[in-house]
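Side chains are part of it too, since the values below use all heavy atoms of this structure and drop only hydrogens, waters and symmetry mates. Everything numeric in this text was worked out from a predicted model, so none of it was measured.
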Amino acid sequence: MIQLHDLEFTPFISEEEILHSISKISEEINREYEGKILVFLGILNGAFLVASEIIKRFPADCEVNFVKLGSYEGTSTTGNVSTLLGLTQNLKGREVVIIEDIVDTGNTLAAIDKILMDMEVSGYKIATLFLKPHAYKKSYPIDFVGMEIPNDFIVGYGLDYNGLGRNLTQVYKLKE
Ligand code: IMP
Ligand code: MG
């Protein structure tokens, strides 16, 4: 068990399972984009670890960029997604793979969809390490999913509770 701020968390997903999921996502992306120069777009802060692992495994030329979006306060979503650091690269006509740590309600994806549509990208696909299918309220197809999880609040491997927990190499869930 670990404590972050006022809350206690118990081990939930091992580092081995996480890396196995990332390898699976990578194999799918690498197969899909063979011979194409794509742009990986990581969503900060949470996706920094999973982005580095996926990008390390990509064998061909690619570009890497990040945007910083935020919607969570404490252990729940505010429903409002704000752009904290915007896109600095023109992606018009490009093939993009979005890398997320976790897809929950899908509000963040809706915000990214708008940014990429306004930029007239050629197309994009979504990769996420974790998906909460019972919380997901949008209809964007999620192309590469590492693992589906229940609606628990989790921390570790990039995911935080009020700023803490991102450096944990395995994933913990809120103690009931
Ligand atoms: P969405 O916009 O509701 O899909 O939420 C996406 C973002 O909320 C993720 O990129 C995370 O930053 C954050 N988030 C969602 N669920 C969790 C969780 O269980 N723990 C920590 N952060 C989460
Ligand atoms: Mg995130």
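T78 and N80 share no donor-acceptor pair across their side chains, judged by distance under 3.5 Å alone. Defined by atom type and a distance below 3.5 Å, a donor-acceptor pair is present between the side-chain atoms of S122 and E95.
Two different hydrophobic clusters hold V39 and L85 under the rule that ILVMFWY side chains link at heavy-atom gaps under 4.5 Å. In the hydrophobic clustering of this structure, I37 does not group with V97; members are Ile, Leu, Val, Met, Phe, Trp, Tyr whose side-chain heavy atoms approach within less than 4.5 Å, directly or through other members.
In this structure, T77 contributes its side chain and G79 its backbone to a donor-acceptor pair below 3.5 Å. Judged purely by atom type and a 3.5 angstrom limit, D101 has no side-chain atom pairing as donor or acceptor with the backbone of L159.
Here side-chain hydrogen bond (donor to acceptor under 3.5 Å, both in side chains) pairs that include residues 15-25, with residues two or more places apart or in two chains, are S14-E17. Residue pairs satisfying the side-chain hydrogen bond (donor to acceptor under 3.5 Å, both in side chains) criterion with at least one member in residues 125-139, sequence neighbours excluded, are listed as follows: E32-K125. For residues 148-169, the set of pairs meeting the side-chain hydrogen bond (donor to acceptor under 3.5 Å, both in side chains) definition, not counting sequence neighbours, comprises D6-Y161, D160-R166.
Nearest heavy-atom pair, M119 versus Q89, reported as atom, atom and distance to 0.1 Å: CE-O, 3.4 Å. Heavy atoms only, all atoms of each residue included: G156 and V171 are closest at O-CG2, 4.0 Å. Of all heavy-atom pairs spanning Y124 and M117, the tightest one is CE2-CE, 3.8 Å. A pairwise comparison of heavy atoms in V81 and A111 identifies CG1-CB, 3.8 Å as the closest pair.
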Should L7 and K175 be marked as a side-chain contact (heavy atoms from CB on, under 4.5 Å) after you check the CA-CA gap, both sets of side-chain angles, and the distance that decides it?
CA-CA 8 Å; L7 297 180; K175 197 174 163 212; over 6 Å; no
Assess whether side-chain contact (heavy atoms from CB on, under 4.5 Å) is satisfied between K173 and T10, documenting all intermediate values.
CA-CA 5 Å; K173 72 173 176 180; T10 50; 4.1 Å; yes
Should L116 and I98 be marked as a side-chain contact (heavy atoms from CB on, under 4.5 Å) after you check the CA-CA gap, both sets of side-chain angles, and the distance that decides it?
CA-CA 10 Å; L116 296 184; I98 294 165; 3.8 Å; yes
Derivation and outcome, side-chain contact (heavy atoms from CB on, under 4.5 Å), residues I43 and F66:
CA-CA 6 Å; I43 313 302; F66 291 92; over 6 Å; no
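When side chains are defined from C-beta on, L129 counts as touching I22, because their heavy atoms get closer than 4.5 Å. Looking at E63 and R94, their side chains come closer than 4.5 Å, going by heavy atoms from C-beta outward. Contact check for N107 versus S71: no side-chain heavy atoms found under the 4.5 Å cut-off.
Classification of K56 and E53 as a salt-bridged pair holds, one side-chain N sitting under 4.0 Å from a carboxylate O.
If you look at F58 and F40, their ring centroids are closer than 6.0 Å.
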